[in-house]
There are 2 protein chains.
Amino acid sequence: MTPGSASPAPDAPARRGAYAKGVAKREEILARSLEVIARSGYRGASVKELAEAAGLSQAGLLHYFGSKEELFTAILRKRDEVDSRSFGLDPEHPVVDDVRGGYVGIVQHNAEVPGLVQLFAQLSVDAADPEHPAHRFFLERNRLLREAFGASLARRQAEGRVTDRVGPDTLARLFQAVADGLQVQWMLEPDLDMAAIVGALFDLVERD
Amino acid sequence: MTPGSASPAPDAPARRGAYAKGVAKREEILARSLEVIARSGYRGASVKELAEAAGLSQAGLLHYFGSKEELFTAILRKRDEVDSRSFGLDPEHPVVDDVRGGYVGIVQHNAEVPGLVQLFAQLSVDAADPEHPAHRFFLERNRLLREAFGASLARRQAEGRVTDRVGPDTLARLFQAVADGLQVQWMLEPDLDMAAIVGALFDLVERD
DNA sequence: GTCTATACTCGGATAGAC
DNA sequence: GTCTATCCGAGTATAGAC
């Protein structure tokens, strides 16, 4: 994922009783899918592939997610949810003290899950179509991330620790663009040290 | 395209005599394809679609380009060639005086050809596969662009007009990542002012 | 809820006539 | 060099049995 985590529309019905099992299965499917993609990579992974990984037939899986696109959108959403927890970058509970460390940490983490990076990049492109199920997801997600990060930056600008040559919103946008763009370049050149470049951007904006 | 233009492996045999017509037709196909994509957008444009635009059948077109992927790679190459000329950003003849203006200009230009931006983004992702015909193209292209831009930056650093907090190579990489990342975000949010964000990055690195 | 089987669509590739 | 025709594969989606 792009640094920072957000889970717009957590989509967890968490219904009691009758639906409980179904929900659990859904979760399991997503968890497995994440594993498979993270490890084996996303080579235009087919629904069938992921179904098998979850011990289901293709049709069985599509019972839970209406279509391929919705499945993949759900996978990305799940990923954000997971990363959000493990990195404590939940927009509601930001680790205020070390934005830089957190951001760089996620970038480094991403370099260990090439398949997810690829899935993310692919879906980002597909989601340009307003009809794509992931369209709103990306819109919302990006906005949340920028808002959270922008708020941190504004705070640090007020403290005089970050340059105020550029406003916090634009700075946040800049960081987001760098993270997204680096991923694309990194897919092409896996040797690229994404964290170093992001670090350089911090060097540019941090004072002293 | 990402700001800056480069045409690695210009692939112009420009053979005389027998091949002349074939080459011309090839060029025409590319020119038409560019028009169509730039205007009507790249909705996973099919070979057939482009063939018709060039007044050819699908099979007829594939006579010139072996496969879909090679066709699209050639289109991108052609685009760089065209932009390279009209923006005078040819790495061999850089317009040294106004790097910022040139860079921002291209970004603005891109905002007028959404289809090409989309094609570029899509192919960037596909080309992650080392087997993809565009793989080398992107590698080479990106490198050339960074080298040219990095050289400009180094010069300006020496003059004290650009911060030397970060080395020129890393700075060039940063600009490239921003341009790529912004395109993805712009596809999602066409209202985004890409030029403004790029301008902000210049503000961050330029002194005084 | 899950499977098997199938249908259908899309698009790229290829053969062969002209 | 260009077309028509065909083929073929991939992959999603759906119908219907269990």
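Below, read A as the first sequence line, B as the second, and so on, with proteins coming before strands; counting in each chain starts at 1.
- Residues B/Arg85 and B/Glu81 are paired through a salt bridge, judged by an N-O separation under 4.0 Å between the basic side chain and the carboxylate.
- Side-chain proximity of A/Ala59 to C/dA13, D/dA5, C/dT4: nearest is C/dT4.
- Results of the ring pair (Phe, Tyr, Trp, His ring centres under 6.0 Å) test with A/Phe120 over A/Phe137, A/Tyr42, A/Phe138 single out A/Phe138 as the only residue that passes.
- Atom NE2 in A/His63 sits about 19 Å away from atom P in D/dT12, given to the nearest Å.
- Rounding to whole angstrom units, CZ of residue B/Arg43 and P of C/dC10 are separated by 16 Å.
- Between A/Phe72 and A/Phe65, the distance separating the two ring centers is not shorter than 6.0 angstrom.
- The CG atom of A/Leu61 sits 15 Å away from the C1' atom of D/dT14 (whole-angstrom rounding).
- In this structure, CZ of A/Phe65 is placed 13 Å from P of C/dG1, rounded to the nearest angstrom.
- For B/Phe202 and B/Phe175, the gap between ring centers is short of 6.0 Å.
- Across the protein-nucleic acid pair, A/Asp126 atom CG and D/dT12 atom P stand 12 Å apart, rounded to whole Å.
- Between the CD atom of A/Gln58 and the P atom of D/dA15 there is a distance of 14 Å, given to the nearest Å.
- As a whole-Å value, the separation of B/Glu52 CD from D/dT4 P is 11 Å.
- Backbone-only engagement by B/Ser46 is indicated by non-hydrogen atom pairs under 4.0 Å involving sugar-phosphate atoms exclusively.
- OP1 or OP2 of D/dT12 sits under 4.0 Å from a side-chain N or O of A/Lys68.
- Between the P atom of C/dC3 and the CG atom of A/Leu62 lies a distance of 11 Å, rounded to the nearest Å.
- Closest to the side chain of A/Val47, out of D/dT12, C/dA5, C/dG12, is D/dT12.
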